[in-house]
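Data block below; observations after.
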Amino acid sequence: MIPPRIRPRFYITTPIYYVNGAPHIGHAYSSIAADVIARFKRLDGFEVFFLTGTDEHGQKIEKAAQAAGLEPQEFVDRNANAFRAMARAINLSNDDFIRTTEMRHKSGCIALWQKLETAGVVYLGHYEGWYATRDEAFYAEDELVLGPDGIKRSPYSAPVEWVREPSFFFKLSAFQDRLLALYDQNPEFIQPASSRNEIIAFVRAGLRDISISRTSFSWGVPVPGSPDHVMYVWVDALANYITAMGYPDMEAPRMAFWPANLHLVGKEITRFHAVYWPAMLMAAGLPLPCRVFANGWWTVEGEKMSKSLDNALPVEPLIAEFGLDPLRYFLMREMPFGNDGDFSRRALINRLNDELANDLGNLAQRILAFIAKNAGGALPPHGPMTEADFLLLSHARSLPDKVRDAIDRMALHEALDQIWKLVRSANAYIDHQAPWALRKADPLRMAAVLRILCDALLVIGVLLQPFMPTTMAKLLDLLAVPPTARDLAALESALTDGSRLPAPSGLFPRFTEAA
RNA sequence: GGCGGCGUAGCUCAGUGGUAGAGCAGGGGAAUCAUAAUCCCUUGGUCGGUGGUUCAAAUCCGCCCGCCGCUACCA
């Protein structure tokens, strides 16, 4: 065991979710991906801090609360609970859950604001533009439609008026060169490459200052010294990553985790994380996060998730029908991480049956049931190694490095692909060695074959824990692996000759469509 | 319009200069320990089109076609 003090730290975040709507598969996806990485890093000896939470301010919330006849705080309390419930339902291993309406966050925001003011990057100006009261939105000149009556209207035909309100601005324009240098010197700062290209093009095209306060609503963090202003989303929401660490107390124990190693975000908010956020941190004199990774979007049965189609997929019914771990597996396996992909019931069932039930579940079952029936229900010892034994074993031993490498490259789907290569090799090995034919002829060789299979199963079970924690805990129980010997460092010593194995039971039942 | 990405077997994708690959789907066979689960073999592609560079191009360059993303205050 490495002493905790010298373990490397790893800080990973999910986006904070806007509590205006209900959680759906897209939220679950980002969270599960972060969870897989967090769990893998723990397995690999890192001291991990994993943060998730909710974004709870803004005009939309204020209006929605009003429409629901609730105080904004009551409204967000209720909706934030739905996101907490989702986190529990998907077995998230987060170390904290921050809400932007918490005092610790608000006081941290105010401190950050003051720091930015002191740095001279905040000034009072006017935010102005074409505003449609009916749409509650600002529009750019080229979005407006000129009606036959000569009146300018919004794309949704609402009348617009030129409005001008006082607003504080952040001098984003002053950071263009430093941001470009950051991207240039840290090619991994924004991933995947498509997002990186877009961000660099955006910044090269020139940056305008951004409005960071509002006077048109009040549900937000008050701007210090200007009680008629509340902070607009940029400062408020992005700051969560440091306020949860104890900012502005730089001596807070959690501050040792800053800067974050990885901000996992949905691709729609990449710019805020890859442009605004590092600029603010530079201004505040804080270290910058190491990496921003934008994950893609799911379509559902080929259709884009949208309010008008009302097809946003909630996760609880899927968990109830298919089980959590199969769902987690599917989400991580079905589409290359960073791409978009389609969530279809058919594809989920196929992967559940073909890969989980047939390939892996059946592999574990045939090995463990065979040991229970023919090897006295105890972990068999090794025998003399054959060429085939050596091949399977070296495949298994090389797997942790391959998986680590894939996860470091954010190729979560590839990590699973690598693990499945071993699953298939193990199935081929058991067929070729045919322990059932050795039962009477050569019981010692039979035992040796079973042991090699257990060695492979151990590696598979350990490496799959981040993806399917509950089911892999069960598999490792079936191999009599002590709970303290389930990380990568313990792989060589996790199995003990002769340990009593519990009665085997299936890991992944086949899914059959109810008639 | 500008910038960027993609277009490879029926499907999802890997492959960035040297005789086209994986998984699934399809076809044939073997085995029977196992959740009828597995294993072996196999059908299938002029790598969007076209012109060029090269001894050699899916891989580099030009043009064309198609799809997608970004082009700031919409979480």
Side-chain angles (χ1 to χ4, degrees), chain A residues 15-21 27 54-58 60-61 127 129 135-140 142-143 167 169-170 172 192-212 214 232-234 236-238 265-273 275-276 296-297 333-336 339-342 346-347 350-351 353-374 411 413-414 417 420-421 423-439 446 449-450 453 504-512:
Chain A
I16 50 172
Y17 303 112
Y18 201 52
V19 295
N20 193 31
H27 302 110
T54 44
D55 177 20
E56 309 188 358
H57 288 131
K60 275 191 189 172
I61 299 282
Y127 178 46
D135 299 348
E136 293 168 20
F138 279 90
Y139 294 99
D142 58 8
E143 288 180 288
S167 167
F169 282 80
F170 171 68
L172 184 64
S194 52
S195 296
R196 174 184 154 78
N197 289 341
E198 285 175 4
I199 292 295
I200 290 175
F202 173 81
V203 175
R204 278 211 182 112
L207 294 173
R208 298 203 296 264
D209 295 345
I210 51 173
S211 162
I212 53 171
R214 287 290 185 275
Y232 192 50
V233 57
W234 319 128
D236 179 357
L238 291 165
V265 301
K267 65 177 182 179
E268 73 283 8
I269 52 174
T270 312
R271 188 199 310 140
F272 313 140
H273 287 80
V275 182
Y276 302 179
W297 285 355
R333 184 70 191 86
E334 179 68 2
M335 74 183 189
N339 288 16
D340 291 344
D342 184 51
R346 189 68 253 162
N350 283 347
R351 288 214 185 262
N353 283 343
D354 293 351
E355 292 168 12
L356 294 180
N358 295 355
D359 288 345
L360 176 56
N362 183 58
L363 172 69
Q365 185 66 15
R366 66 198 302 205
I367 294 167
L368 296 168
F370 202 90
I371 291 173
K373 286 177 198 165
N374 304 300
H413 61 293
E414 200 184 307
D417 192 53
W420 248 255
K421 282 181 180 160
V423 172
R424 294 197 178 94
S425 296
N427 266 320
Y429 173 88
I430 191 172
D431 269 41
H432 296 150
Q433 300 306 315
W436 44 92
L438 298 166
R439 196 167 39 193
M446 177 198 77
V449 164
L450 293 170
L453 286 163
S505 73
L507 298 177
F508 301 102
R510 279 183 69 80
F511 181 86
T512 46

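Basis for what follows: all heavy atoms, side chains included, without hydrogens, waters or symmetry-related copies. Fair warning: this is a prediction, and the values are worked out from it, not measured in the lab.
Each of B/rA72, B/rC40, B/rA34 was ranked by its minimum atom distance to the side chain of A/L207; first place goes to B/rA72. Listed nucleotides: B/rU35, B/rC40, B/rA34. Nearest to the side chain of A/H432: B/rC40. Which of B/rU35, B/rC73, B/rA37 sits closest to the side chain of A/S211 comes down to B/rC73. For A/A428, the side-chain atoms get nearest to B/rC39 when compared with the rest of B/rC70, B/rC39, B/rG23. Taking every side-chain heavy atom of A/W436 into account, B/rU32 is the closest of B/rU32, B/rA72, B/rU35. In this structure, of B/rA34, B/rC73, B/rG23, it is B/rA34 that holds the atom nearest to the side chain of A/N362. Taking the side chain of A/F202 as heavy atoms from C-beta on, and the options B/rU35, B/rU38, B/rA72, the nearest nucleotide is B/rA72. Comparing B/rC74, B/rG4, B/rC33 by their closest approach to the side chain of A/Y127 singles out B/rC74. For A/Q365, the listed nucleotide lying nearest its side chain is B/rU35; candidates were B/rC39, B/rU35, B/rA72. Among the nucleotides B/rU35, B/rU38, B/rC40, the one closest to any side-chain atom of A/R510 is B/rU35.
Within 4.0 Å of A/K267, counting heavy atoms only, lies no atom of the nucleic acid at all. As judged by a 4.0 angstrom heavy-atom cut-off over every strand, A/N339 is placed among residues making no nucleic acid contact. The residue A/R424 sits close only to the backbone: its heavy atoms come under 4.0 Å of sugar-phosphate atoms, none of a base. Contact annotation for A/W420: no contact, since no heavy-atom pair falls under 4.0 Å across all strands. Base contact: A/G206 has a heavy atom under 4.0 Å from a base atom. Within the nucleic acid shown, A/I16 has no heavy atom closer than 4.0 Å to any nucleic acid atom. Using a 4.0 Å heavy-atom distance criterion, A/Y276 is classed as a base contact. As judged by a 4.0 angstrom heavy-atom cut-off over every strand, A/A237 is placed among the base-contacting residues. As judged by a 4.0 angstrom heavy-atom cut-off over every strand, A/D417 is placed among residues making no nucleic acid contact. Within 4.0 Å of A/L507, counting heavy atoms only, lies at least one base atom of the nucleic acid.
Close to B/rC74, at under 4.0 Å from its OP1 or OP2, lies a side-chain N or O of A/Y232. Listed pair A/R366 / B/rU35 fails the phosphate criterion, with no side-chain N or O lying under 4.0 Å from OP1 or OP2. The shortest distance between the side-chain N/O atoms of A/N358 and the OP1/OP2 oxygens of B/rU38 is below 4.0 Å. Between A/K421 and B/rA22, a side-chain N or O to OP1/OP2 separation shorter than 4.0 Å is absent.
Pair assignment for B/rC13: B/rG21, on the basis of Watson-Crick or G-U wobble contacts that are both within less than 3.5 Å. Applying the Watson-Crick and G-U wobble criteria (two distances, each under 3.5 Å), B/rC70 pairs with B/rG2. With a 3.5 Å ceiling on both atom-pair distances, the Watson-Crick or G-U wobble partner of B/rC63 is B/rG49.
No donor-acceptor distance shorter than 3.5 angstrom exists from the side chain of A/W234 to the backbone of A/Y276, with no hydrogens or angles considered. Remark: the backbone N or O of A/Y17 is not paired with any side-chain donor or acceptor of A/D55 at under 3.5 angstrom. Remark: the backbone N or O of A/D359 is paired with a side-chain donor or acceptor of A/N427 at under 3.5 angstrom.
Here the C1' atom of nucleotide B/rA14 and the CD atom of A/E334 are 16 Å apart, to the nearest Å. Going from atom CZ of A/R351 over to atom C1' of B/rU35 covers 20 Å, rounded to whole Å. Regarding A/L363, its CG atom lies at a distance of 11 Å from the P atom of B/rU38, rounded to whole Å. For A/N197 and B/rG69, the CG to P distance is 16 Å, given to the nearest whole Å. Atom CG in A/L450 sits about 12 Å away from atom C1' in B/rA34, given to the nearest Å. Rounded to whole angstrom, the span from the CG atom of A/L356 across to the P atom of B/rA34 amounts to 21 Å. To the nearest angstrom, P of B/rC39 lies 13 Å from CG of A/L453. Distance A/F508 CZ to B/rA36 C1': 20 Å, rounded to the nearest Å.
Here, B/rA31 and B/rG44 have their P atoms 27 Å apart, quoted to the whole Å. With both ends at atom C1', the span from B/rC6 to B/rG49 equals 16 Å, rounded to whole Å. For the C1' atoms, the distance from B/rG18 to B/rA56 is 6 Å, rounded to whole Å. Atom P of B/rG29 sits at a distance of 43 Å from the matching atom of B/rG17, rounded to the whole Å. B/rG15 and B/rG7 are spaced 15 Å apart, taking the C1' atom of each and rounding to whole Å. Annotation: B/rC47 and B/rA57 have their C1' atoms spaced 11 Å apart (nearest Å). Rounded to the nearest Å, the gap between the C1' atom of B/rA20 and that of B/rA9 is 10 Å. Comparing B/rG2 with B/rG10, their P atoms are spaced 35 Å from each other, to the whole Å.
Nearest approach of A/E334 to A/R351, heavy atoms of both residues: OE1-NE, 2.5 Å. Across every non-hydrogen atom of A/Y18 and A/I61, the tightest pair is OH-CG1, 3.2 Å. Nearest heavy atom pair, residue A/V265 against residue A/T270, reads CG2-CA, 4.2 Å. A/L207 and A/V203 get closest at one heavy-atom pair: CD1-CG1, 3.9 Å.
For the 3.5 Å distance criterion, the side chains of A/S211 and A/S167 qualify, holding a donor opposite an acceptor.
Put simply, A/F370 does not rest on the base of B/rC33: the two rings are not both less than 5.5 Å apart at their centres and under 30° in tilt.
For the pair A/V423 and A/E355, the minimum side-chain heavy-atom distance is 4.5 Å or more.
Judged by closest nucleotide on RNA chain B, A/A193 is the one of A/A193 and A/Y17 placed further toward the 5' end.
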